[in-house]
Amino acid sequence: MEYIISLLPLIPIAGGLLVILLKTMSIGRFSENIVFIVAVVLTTLLSIYTAYRAISSEAILKYCFGGWFEPVGICYLVDSLSSIYIAFISIIYIAVGLYSIWYGRHLSNTATLYSLLLLHEAGLLGVVLTWDIFNLYVAIELAGLTAYSIVAYYKHRASSLLASVRYALAGGLYTSLLLLSIGLAYTTYAGLGYTHVYRVNTILASNINPRGAVYTLFLLSMGLWVGFLISALYPNHFWLPGAHSEAPSPGSAVLSGLTAGVGVYIVARFIYTLYKPFDLTVFTTATLVLAAVNIFYGSLRMAVENDVKRILAYSTIVNTGFIYMGVSLTTATGLAAGILHTVNHAIGKALAFLAIGAIVHTMRSRNIYALEGAGKVMPYTYAFLLLSILQLIGLPPLPGFYSKLLLYQAYVEKGLHIPAIIIIVGTIASLNGYFRLLEHLWHQPLHIKPGIKEPLSIYQLSAYILLTALMLTLATILPHTLHNLVTLVDTFTKQP
Amino acid sequence: MNTVLTYNLLALSLIANIIIGLYAVVAKPNLIKKIIGLTIVNDTVCVLLVLMGYRGIRSQPPIYIIDGTFSPPPHTVDPLPQAFVLTAIVIGFSFTVFLSVIALRIYELYGSLNLHRLLVSEVVEEVEPDIEPLEE
């Protein structure tokens with residue numbers, strides 16, 4: 001049954017190509033919707049099944065393409081970390097998919113959006129599942145190219161083109177250098193499977209030779225750097241606000257919620273799996289400092305921004321900072337907090353972007369002053385937006401609270417009190433931006449034209465309700481299972 | 001001429017090429033020149049990878065166990081970097097096509113490809129965003 005793992009990226013790819021094929025045959029939007037939803041749901045069912053098998057049997061599932069054994073062939077592997085990732089990526093994709101059916105009614109070219117979303121999912125799943133550095137590069141490029149295309153989806157709008165170019169140039173340059181570093185490291189490792197690289201690293205850590213050290217260091221820094229670009233850690237954050245605000249709203253939800261999380265996954269793989277034999281204190285300390293910068297920079301910009309989607313984009317920068325604070329701690333509790341916050345942020349941010357997308361679409365503006373009173377005109381959408389923002393802040397009954405609690409606990413456990421204080425102060429600093437958004441949307445209607453009705457399609461509502469249900473499920477089970485989560489992540493950090 | 005010397009000279013010139021490409025991407029304001037710089041970097045990396053597969057100097061082909069005995073063929077080239085390069089060329093091609101299409105659209109909209117000025121003007125817009133309808 002291991003071949004199911006190989007189907008996970010293949011089904012979205014097939015679906016994406018089929019959607020384009022149906023578009024050229026011009027059968028109609030209905031068939032495109034059916035193919036899109038079937039591909040997304042099928043991927044979700046298979047990934048939940050795979051994740052359940054991996055977690056319940058506490059075993060590593062592995063599938064090698066063509067039967068080639070590991071150092072030579074390309075393998076896909078599911079362990080505790082990647083099973084968490086494939087489960088939440090695919091579940092959030094169902095919500096985004098349902099919402100896109102409503103959103104696509106107003107677009108002339110739905111098939112392109114569906115196809116890009118599906119191919120992006122394939123790229124994300126590829127990054128998460130792969131067990132080979134070169135294949136990681138290919139999956140990053142697939143996810144990257146589709147992400148740039150999603151950003152440039154409104155191709156008649158100049159700002160979205162510029163945002164896409166800014167993102168694409170940085171991404172292209174960094175991934176070219178990643179390829180260079182992979183090539184150089186190949187001369188040292190003579191094989192690029194993760195297990196193989198780990199084994200060679202254990203040898204290198206004890207008796208280092210100068211040439212190997214340079215190449216190893218180069219690969220490590222490029223891997224971390226590309227991960228930082230994808231998840232927008234401080235010096236590489238510059239593309240994010242433009243890209244996430246200019247993308248169509250389902251695209252923003254995916255880019256902000258899932259792609260940033262996958263960047264964290266790459267960094268976690270490099271720190272916790274590939275380079276575990278080395279002492280990475282310099283790198284993790286730098287990550288911690290950058291994460292703190294991210295939190296405060298994002299909070300400050302969030303409070304002065306006038307574009308509602310940009311406010312949410314800066315909130316992504318803030319939350320990436322929290323996630324990296326957990327990941328950089330190199331303890332099981334820290335990593336568990338980082339992963340849990342990735343999941344919580346993905347749910348909250350997807351819901352926030354979907355709700356704000358409906359508001360922006362109805363009101364035809366992204367300016368916070370033009371949207372004053374929009375919440376009173378669209379109360380149901382506003383309620384979901386409110387819920388998602390409370391989740392992003394981390395108000396106690398919602399699961400967003402537990403990840404920050406775990407993060408705080410991880411730092412206190414290790415006796416690092418200044419980062420623990422930064423977590424609290426950073427949360428308070430980010431409140432200003434969130435409440436400014438909520439407050440402006442709940443003003444007396446000032447600029448709202450009369451006769452605007454709240455769009456409440458069944459697809460849209462089911463997307464909101466799915467994400468809310470996910471949030472409430474987590475809120476119910478997390479208080480009892482936080483310890484189990486730490487144990488689960490602990491088994492991951494122990495294995496090579 | 002000495003093979004090792006040729007190899008090293010070639011490697012050095014390729015590294016110089018990468019630096020030139022990086023300079024073009026970072027410093028040149030014209031988008032087309034940036035795309036050219038990116039292509040230079042990507043293609044040079046590909047050539048460098050092929051060079052590493054040359055077995056006379058450093059690397060070895062990964063499959064060398066035939067009938068359970070270690071028997072590297074005497075004059076072979078490591079096939080794995082070539083497979084890498086094939087994939088990387090396709091990715092680089094799709095990247096160039098994507099960026100060229102975007103450059104064409106930007107030129108149609110602005111009549112300019114000076115990316116540094118365009119991005120700065122976007123920053124000015126950012127400070128006071130106008131209330132414009134979303135074209136959908």
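Below, chains carry the letters A, B, ... as their sequence lines are ordered, and counting in each starts from 1. Side-chain atoms are counted along with the backbone in the values below, which use heavy atoms only and exclude waters and symmetry mates.
Top candidate by heavy-atom pairs under 4.5 Å with chain A, chosen from B/I106, B/V26, B/L31, B/V41, is B/I106. Chain A forms more heavy-atom pairs under 4.5 Å with one residue of B/L109, B/I35, B/V101 than with any other, namely B/L109.
When heavy atoms are compared at a cutoff of 4.5 Å, B/L48 approaches chain A solely by way of its side chain, counted from C-beta outward. Looking at A/L192, the atoms closer than 4.5 Å to chain B (heavy atoms on both sides) all sit in the side chain, from C-beta outward. The parts of A/S149 that come within reach of chain B are both its backbone and its side chain, each placing non-hydrogen atoms under 4.5 angstrom from that chain.
Closest non-hydrogen pair, A/G172 versus B/F95, comes out as CA-CZ, 3.3 Å. The two residues A/L179 and B/N42 make their nearest non-hydrogen contact at CD2-OD1, 4.2 Å. Minimum heavy-atom separation, A/S176 to B/V45: O-CG2, 4.0 Å. Among all heavy-atom pairs drawn from B/R105 and A/L161, the shortest one is CB-CD1, 3.5 Å. In plain terms, the two heavy atoms of A/L177 and B/L22 that are nearest each other are CD1-CD2, 4.2 Å.
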**From CA spacing to verdict: side chain to side chain contact (heavy atoms under 4.5 Å, CB included), A/L162, B/L115** = CA-CA 8 Å; A/L162 284 177; B/L115 202 64; 3.8 Å; yes

**Message:** Working note: B/L99 + A/L169, criterion side chain to side chain contact (heavy atoms under 4.5 Å, CB included); need CA distance, chi angles, decisive distance, verdict.
**Reply:** CA-CA 8 Å; B/L99 278 177; A/L169 280 176; 4.1 Å; yes

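More than 12 heavy atoms of other residues, nucleotides or ligands lie within 6.0 Å of CZ in A/R29, so this atom counts as buried by the packing criterion. Counted within 6.0 Å of CZ on A/F65, heavy atoms from surrounding residues, nucleotides or ligands total more than 12; the atom is thus considered enclosed.
Taking the six-membered ring where tryptophan is involved, the planes of A/Y148 and B/F98 are tilted, since the angle between them lies from 30° to 60°.
Atoms CG and CD1, from A/L145 and B/I91 in turn, are 8.0 Å apart once rounded to the nearest 0.5 Å. Interatomic distance, A/L180 CG to B/T44 OG1, rounded to the nearest 0.5 Å: 9.5 Å.
Side-chain contact between B/T87 and A/Y137 is absent, with no heavy atoms from C-beta onward closer than 4.5 Å.
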